[in-house]
Amino acid sequence: MIYTIEKVTTLIGARRYGDRDCNVGFILTDSRSLCFPEETLFFALKSERNDGHNYIAELYRRGVRNFVVSDVPNNFASDYPDANFLRVVNTLEALQRLAERHRDEFNIPIVGITGSNGKTIVKEWLYQLLSDDMYVTRSPRSYNSQIGVPLSVWLLNKQTEIGIFEAGISEPGEMLALRDIIQPTIAVLTNLGSAHQENFKSKEAKCREKLILFHDAKTIVYNMDDEIINDTVESYNYSGEKITWSFKNPKATMFIKSVEKRKNDTVINYNFKDKEGKYILPFIDEASISNSIICAIVTLCLGVSTDVLSRRMAKLEPVAMRLEVKVGQHGCTLINDSYNSDVNSLDIALDFMNRRPDHKGRRHTLILSDIFQSGEKPENLYRDVSDLAYKRGVVKFIGVGPELKAHADQIQIPEKFFFSSVEQLINSEVFRSLRDEVILIKGARQFGFDQITELLVQKVHETILEVNLNAVVKNLNWYRSFMKPETKLVCMIKANAYGAGSVEIAKTLQDHRVDYLAVAVADEGVTLRRNGITSNIMIMNPEMTAFKTMFDYELEPEVYSFRLLEALIKAAEKEGITDFPVHIKLDTGMHRLGFDPINDMDKLIDRLKHQNAVIPRSVFSHFVGSDSDDFDDFSANQFALFDAGSKKLQAAFDHKILRHIDNSAGIEHFPERQLDMCRLGLGLYGINSRNNEIINNVSTLKTTILQMRHIPVGDTVGYSRKGTIEHDSVIAAIPIGYADGLNRHLGNRHCYCLVNGQKAEYVGNICMDVAMIDVTGIDCKEGDTVEIFGDHLPVTVLSDVLDTIPYEVLTNISDRVKRIYFQD
């Protein structure tokens, strides 16, 4: 839907500066995602660490002419002569108000979903259950925040017959704005878990906050078996229809009479408003069963018959809630998003691809299937798809499906190919000739695009390390929440980003504007530069043979001794380099590397002052024990030494020298010692060294069962006959060994992995490429997934067994283990 700039001004109560006539069709809050500047309205949002007003000049240069601001730029009439500035008190509130007024235009069913878990699954399954009958507008992926919800609701258009939106909160006071934007006619509470509990006084308090979404809804849906939810709803002043569901109480609106789990599906018998019903769910896990019940209730409330519901439930497909980045064959990078095929999710995936820096000059290729249930005429739909792809940098378009093939003329990408089916594409010369490209694979599930991914992905053995890029960002923001907004941050990605893969982690961190990246040696920095990383990069262990490399690739070394300093100055002078930034390291108690903060400072300052080849950019030191209160006195002494030495260095120079000593544990434990910058290491990867607990898990090491065999009592398993079987057992072989990073000391029942959520001990000695596990009594089969560590088995369990630190377990994962990156 299109709004005039005059209409927008009125809707958000702004004061307008500028008189350019414009129409607004797109809302932008992140300057990196600009696609259609002519019709874009940019909201200059402010946060503790960023300010959208800083990007106005760049966006104006790129063609944006409409801005919502709290501060109008100075000299706006001369610097931005044909722009409109809409001044408001609070730009986030203005964004939310615009979405709220947009929502007012629609008198249609709107489903609002909140809860600790399952929101996205419920939303996507409702889409699958309803989209055959009506045009559905829903939240893209997990757009459920204070910014994500208004961006989602803005997607409502003239074709929309029902809206389905998620509402996520993390602290008190957030739900009211989301309720006013969504204005649900049906409000759903999926469950009440522990997420963000630290921000609420009690579970009851969090439940009350979530129930604000219910206030004006005509119908509410909740689980009466949860006592906290049920009691809180009963005490809530709600006058609409209550739809309850229960496994226990026959008086519930939806009473689940029986749940029969079979090998691959679940039979659910229910009574809904005194009518009997039954459906078969193609999943057996508890979460899917609960989510399906919620979906059944909403679908029935919307008038779908029990017979139709039963047919569609049987066809529900799993929801892949993430973009996966995989290494492909022949120099390709694959971005797999066989999640759904609508224009909104396509835009998000294209934006993700376009924002991944790639200095290899590889072409961007889109493989796309027909798009269903768009509500638009095909010629208009695929013209929009073409515009979107072109604006996002796609130079090769491969369409799959009869509709795309029939409307090939609407695709204006110069290099384009069309096929009726996946099989036809796979057997074509176009498919065989894919080389050195970044390929986005996006298709409706029924087209079987998983075949394309399987054939294009680089073949590696079945052990993989899944890396959750969203978790990296969550951990980054968790530590940033302890920091002052002005404090800079350097993120440690040495040792291949603690085993997670430095290039993709660096791309994610650069995208979220960290101030510095740090690696161990120059070669690691070169790899980042060659893969498009432009952020400042520190080299923590510079080698004298690598000075030329550091100069050429703008890699900033730490300097910890006079010998290193002299060699670096000499090398820089030889190259004619001046003012090359370096980072001065002081030894305050680690006694590893560094200048003495008391005895070396006069000599160090004198040498730095009498040359112009290098210039100190920062000065830093390491806490020995910030992770333990036992060392607080020693830490205090370290800080005193550092404070004196660093201040003396700063006093000798006119330019700003950044001071930093806090590491991950120090950020949390010593907030008063954050100074100008902090260094985030292990905490970035989800491990809190203060308590050895997981913050947000980043890395999950998985493999599969190769073979299973029955072993009688008394027999042995593995080399040197170490694994004696004490009772008749089922032993499975898995393709992971010490060459992959699975430590041999975990063998002989010292530790375990997880098979279908159950503990399976390692039996016998772990081999180079294979380990054996005891799966006796576990319902599993060959090909099933095995979790070595990850979301359900913390890596700290392994490190505790090994009497080591999580760093060692993570960094020992071999390069032959394929990394798969995903983003929710």
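Numbers here are sequence positions counted from 1.
- Residues forming a side-chain hydrogen bond (donor to acceptor under 3.5 Å, both in side chains) with N75 (at least two apart in sequence, or on another chain): none.
- When each of L350, I413, L346 is paired with V385, the side chain to side chain contact (heavy atoms under 4.5 Å, CB included) condition holds for L346 and for no other.
- A distance-only check finds no donor-acceptor pair linking the side chain of N696 to the backbone of A471 [under 3.5 Å].
- Heavy atoms of other residues, nucleotides or ligands lying less than 6.0 angstrom from CD of E48 number 12 at most.
- Side chains of N536 and D515 form no contact here, defined as non-hydrogen atoms less than 4.5 Å apart.
- The side chain to side chain contact (heavy atoms under 4.5 Å, CB included) test with I5 is passed by exactly one of N23, L86, D21: L86.
- Aromatic rings of Y80 and F85 (six-membered ring for Trp) have centroids within the 6.0 Å cut-off, being under it.
- Using a 4.5 Å heavy-atom cutoff, the side chains of F431 and F419 are not in contact.
- Cation-pi check for R65 over Y60 is met; the charged atom lies under 6.0 angstrom from the ring centroid and within 45 degrees of its normal.
- F76 has its ring centre less than 6.0 Å from the ring centre of Y17.
- Of the possible polar contacts, one joining the Q128 side chain to the E317 backbone as a donor-acceptor pair under 3.5 Å is found.
- More than 12 heavy atoms of other residues, nucleotides or ligands sit less than 6.0 Å from atom NZ of K484.
- Shown here is K488, whose NZ atom has no more than 12 heavy atoms of other residues, nucleotides or ligands within 6.0 Å.
- Annotation for M1 and F106: closest pair SD-CZ, 3.2 Å, computed over non-hydrogen atoms.
- Side-chain contact between T453 and K326 is present, with heavy atoms from C-beta onward closer than 4.5 Å.
- Here the side chains of F822 and V467 are not in contact, with every heavy-atom distance at 4.5 Å or above.
- Distance alone, capped at 3.5 Å, places no donor-acceptor pair between the R138 side chain and the I164 backbone.
- Taking the six-membered ring where tryptophan is involved, the planes of W154 and H102 are tilted, since the angle between them lies from 30° to 60°.
- Applying the ring pair (Phe, Tyr, Trp, His ring centres under 6.0 Å) criterion to F352, with sequence neighbours excluded, gives no partner residue.
- With hydrogens and angles ignored, the 3.5 Å screen pairs no side-chain donor or acceptor of R103 with any backbone N or O of E105.
- Every residue was checked against the ring pair (Phe, Tyr, Trp, His ring centres under 6.0 Å) condition with Y390, not counting sequence neighbours, and none meets it.
- Looking at Q412, its side chain never comes within 3.5 Å of a backbone N or O of D387 through a donor-acceptor pair.
- Here the closest non-hydrogen pair linking V457 and Q329 is O-NE2, 3.3 Å.
- A 4.5 Å side-chain heavy-atom check between V327 and I820 finds every atom pair outside the cut-off.
- Enclosure of atom CG in N74 is not indicated, since only 12 or fewer non-hydrogen atoms of other residues, nucleotides or ligands lie within 6.0 angstrom.
- Atom CG of D82 has more than 12 neighbouring heavy atoms from other residues, nucleotides or ligands inside a 6.0 Å radius.
- The local environment of CD in E379 is crowded, with over 12 non-hydrogen atoms from other residues, nucleotides or ligands closer than 6.0 Å.
- Side chains of S369 and K442 form no contact here, defined as non-hydrogen atoms less than 4.5 Å apart.
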